[in-house]
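Provided herewith is a single structure, encoded as structure tokens, for subsequent inquiry.
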Amino acid sequence: MAVLKLQSLKPRPISELSMKVGSIRCYVSSCRAVLLPRFGGPEVLQLRPDVPVPDLKPNEVLVRARAVSINPLDTRMRSGYGRSIFEPLLPLILGRDVSGEVAAVGASVKSLTVGQEVFGALHPTALRGTYTDYAILTEDELSPKPASLTHVEASAIPFAALTAWRALKSTARITEGQRLLVIGGGGAVGFSAIQIAVAAGCHVTTTCGNQSINRLIAAGAEQAVDYTSEDIESVIKEKFDAVLDTIGVPETERIGINLLNRGGHYMTLQGEAAALSDRYGLPIGLPAATAVLFKKRIRYKFSHGIEYSWIYMRADSEGLHEIRRLSEAGKLSIPVEKTFSITQVREAHEAKDKKQILGKVVLELN
């Protein structure tokens with residue numbers, strides 16, 4: 001399919017940018033984007049007006065971004081997490097979540113059309129993220145936006161919810177009536193996991209800070225334990241079929257393992273692949289991480305009779321469409337505490353770094 005590019009330094013309405021003329025689809029060749037030229041604090045982020053927009057591959061979709069959320073992965077990557085992978089590839093564009101409108105589609109895209117409102121999330125290792133007026137995602141990474149949600153509300157959901165979905169549905173394969181423990185339910189992934197599990201008919205217990213208890217109970221958790229003032233092992237009496245540990249320190253791993261039934265599944269978001277690769281380099285770090293994971297799996301299989309997994313978000317079109325369905329039904333949401341303009345990206349990152357804003361932060365693009 002032939003592609004005609006339109007030169008533009010400033011975003012224009014979709015009607016001006018995306019039009020279908022026979023077999024030619026037209027779109028911008030440059031736009032605003034936040035670049036990460038080197039690792040460091042919020043001050044290293046650079047908003048530039050003329051960052052190239054690559055040609056679309058057959059399965060890709062150009063999205064005119066309206067809102068993108070800030071995930072913990074964004075601030076960690078900015079600070080140097082994953083440098084063994086990303087440093088040779090700088091500059092990067094951060095950002096994983098997006099909500100916006102389809103501006104153009106690749107030749108093989110069938111399920112989405114120009115002008116359609118969509119939301120979705122990129123894989124954690126994507127180099128060209130969503131902090132840009134025009135983001136590029138594959139067809140499988142996008143779904144029609146829930147009609148009941150604004151772009152700001154929708155942009156907060158996909159990455160966290162897909163991470164939780166991968167843990168509960170793809171890894172632990174939770175079923176109705178099972179018992180789930182979410183360690184750290186106050187964060188976006190933990191909160192998503194609670195809602196997904198409740199919608200599946202599971203009984204959910206969670207740990208969290210005092211300020212999150214009422215919100216998590218309202219989301220369907222049967223018990224919410226304040227880890228800052230209560231002893232988790234003394235308060236929680238039952239055993240669980242699955243544990244999702246969003247904190248992933250040795251103490252929460254020990255607690256989670258001990259609270260599992262035999263045949264249960266412990267899942268942590270804090271896998272060691274990136275950390276070990278950053279410390280020792282890819283040639284040594286990745287094999288070392290594989291060895292650590294294998295050793296833990298064998299140890300816990302024999303000592304406790306449970307499965308052990310590191311959880312990473314991965315694109316899942318079926319999962320994203322189910323997340324959309326739950327969101328439409330009012331069964332899955334992630335509250336947004338504050339929004340910033342994309343021009344205030346440094347201030348937004350600084351606020352997250354200093355823990356001035358504990359909830360979800362979204363960047364708006366106009």
Side-chain angles (χ1 to χ4, degrees), residues 71-73 76 81-82 124 160 162-174 178-194 196-197 202-209 212 216 221-280 285-314:
N71 288 289
L73 179 62
R76 294 178 70 190
Y81 177 76
L162 280 168
T163 304
W165 181 272
R166 178 164 174 77
L168 303 186
K169 294 289 191 173
S170 301
T171 303
R173 300 185 183 278
I174 59 169
Q178 288 189 319
R179 306 195 71 85
L180 170 71
L181 172 63
V182 178
I183 299 176
V189 175
F191 190 51
S192 298
I194 292 169
I196 290 169
C202 295
H203 305 279
V204 182
T205 296
T206 186
T207 69
C208 60
S212 299
L216 303 190
E222 296 177 2
Q223 183 180 19
V225 179
D226 179 3
Y227 73 91
T228 65
S229 63
E230 299 179 278
D231 180 69
I232 296 172
E233 292 173 286
S234 298
V235 174
I236 298 177
K237 304 299 183 184
E238 66 269 20
K239 295 270 189 170
F240 299 91
D241 301 296
V243 172
L244 175 59
D245 183 357
T246 72
I247 309 300
V249 297
E251 179 66 4
T252 58
E253 180 172 309
R254 182 190 65 78
I255 291 171
I257 294 292
N258 288 336
L259 287 174
L260 272 171
N261 290 318
R262 293 189 71 83
H265 212 130
Y266 172 86
M267 300 161 288
T268 176
L269 302 186
Q270 308 304 327
E272 299 179 53
L276 288 173
S277 296
D278 288 346
R279 188 181 307 167
Y280 301 113
L286 280 181
T290 302
V292 168
L293 178 58
F294 181 75
K295 182 179 179 180
K296 286 193 172 186
R297 282 179 168 169
I298 294 298
R299 186 209 317 169
Y300 290 132
K301 186 74 172 178
F302 281 94
S303 65
H304 291 74
I306 60 99
E307 301 294 329
Y308 178 97
S309 298
W310 292 346
I311 298 299
Y312 304 97
M313 179 273 188
R314 186 172 293 177

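Just so you know, these numbers come straight off a predicted model, no measurement behind them.
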Point to revise | Interatomic distance, I232 atom CD1 to T207 atom OG1 [nearest 0.5 angstrom] | key: 5.0 Å
Review point. Closest approach of C208 and G186, non-hydrogen atoms and distance?
Key: CB-N, 4.2 Å
Review point. Where do V235 and Q223 land on the side-chain contact (heavy atoms from CB on, under 4.5 Å) test, with the steps shown first?
Key: CA-CA 10 Å; V235 174; Q223 183 180 19; 3.4 Å; yes
Check your understanding: Is any side-chain heavy atom of L73 less than 4.5 Å from a side-chain heavy atom of Y81?
Key -> yes
Review point. For the atom pair CG (L181) and CG (L260), what is the distance rounded to the nearest 0.5 Å?
Key: 8.0 Å
Point to revise | Residues in side-chain hydrogen bond (donor to acceptor under 3.5 Å, both in side chains) contact with E222, at least two apart in sequence or another chain | key: H203
Exercise for review: Output the distance between atom CG (L180) and atom OG1 (T205), rounded to the nearest 0.5 Å.
Suggested key: 8.5 Å
Review point. Does K295 have any salt bridge (charged side-chain N to carboxylate O under 4.0 Å, His left out) partners at least two apart in sequence or in another chain, and if so, which?
Key: none
Review point. Can you pull the ring-ring contact (aromatic ring centres under 6.0 Å, His included) pairs that have at least one residue in residues 257-277, sequence neighbours excluded?
Key: Y266-Y308
Study note, to complete from the structure: Between V204 and A197 the two heavy atoms that sit nearest each other are CG2-CB, 3.6 Å
Review point. How far apart are the closest heavy atoms of V243 and G256, and which atoms are they?
Key: CG2-O, 3.6 Å
Study note, to complete from the structure: Output for pair (Y227 OH, I247 CD1), nearest 0.5 Å, gives 6.5 Å
Review point. Can you name the side-chain contact (heavy atoms from CB on, under 4.5 Å) partners of A167, sequence neighbours left out?
Key: L244, M267, I311
Exercise for review: Return the set of residues passing salt bridge (charged side-chain N to carboxylate O under 4.0 Å, His left out) with K296 (not counting sequence neighbours), or none when no residue passes.
Suggested key: E253, E272
Study note, to complete from the structure: Contacts of A188 meeting side-chain contact (heavy atoms from CB on, under 4.5 Å) (sequence neighbours excluded), chain-then-number -> A160, I334, K360
Check your understanding: Under the salt bridge (charged side-chain N to carboxylate O under 4.0 Å, His left out) test, which residues partner E230, sequence neighbours left out?
Key -> none
Check your understanding: Taking only residues two or more places apart in sequence or in another chain, which ones pass side-chain contact (heavy atoms from CB on, under 4.5 Å) with N261?
Key -> K239, D241
Exercise for review: Decide yes or no for Q270 and D245: does some side-chain heavy atom of the first lie under 4.5 Å from some side-chain heavy atom of the second?
Suggested key: no
Revision key, fill the gap. Taken in chain and number order and not counting sequence neighbours, the residues that satisfy side-chain contact (heavy atoms from CB on, under 4.5 Å) with F294 are I298
Practice item. Mark yes or no for whether T246, through its side chain, and G184, through its backbone, hold a donor-acceptor pair below 3.5 Å. Key: yes
Check your understanding: Is there a side-chain contact between S309 and R297 (heavy atoms, below 4.5 Å)?
Key -> yes
Review point. How far apart are the closest heavy atoms of T268 and G248, and which atoms are they?
Key: OG1-CA, 3.6 Å
Check your understanding: Rounded to the nearest 0.5 Å, how far does OH of Y312 lie from OG1 of T163?
Key -> 12.0 Å
Check your understanding: When rounded to the nearest 0.5 angstrom, what distance separates CD1 in I236 from CD1 in I255?
Key -> 8.0 Å
Study note, to complete from the structure: S212 meets the side-chain hydrogen bond (donor to acceptor under 3.5 Å, both in side chains) criterion, sequence neighbours left out, with none
**Study point:** Listed partners of E233 passing side-chain hydrogen bond (donor to acceptor under 3.5 Å, both in side chains), at least two apart
**Key:** R254
Review point. Among all residues two or more places apart in sequence or in another chain, which pass the side-chain hydrogen bond (donor to acceptor under 3.5 Å, both in side chains) test with D226?
Key: T228, S229
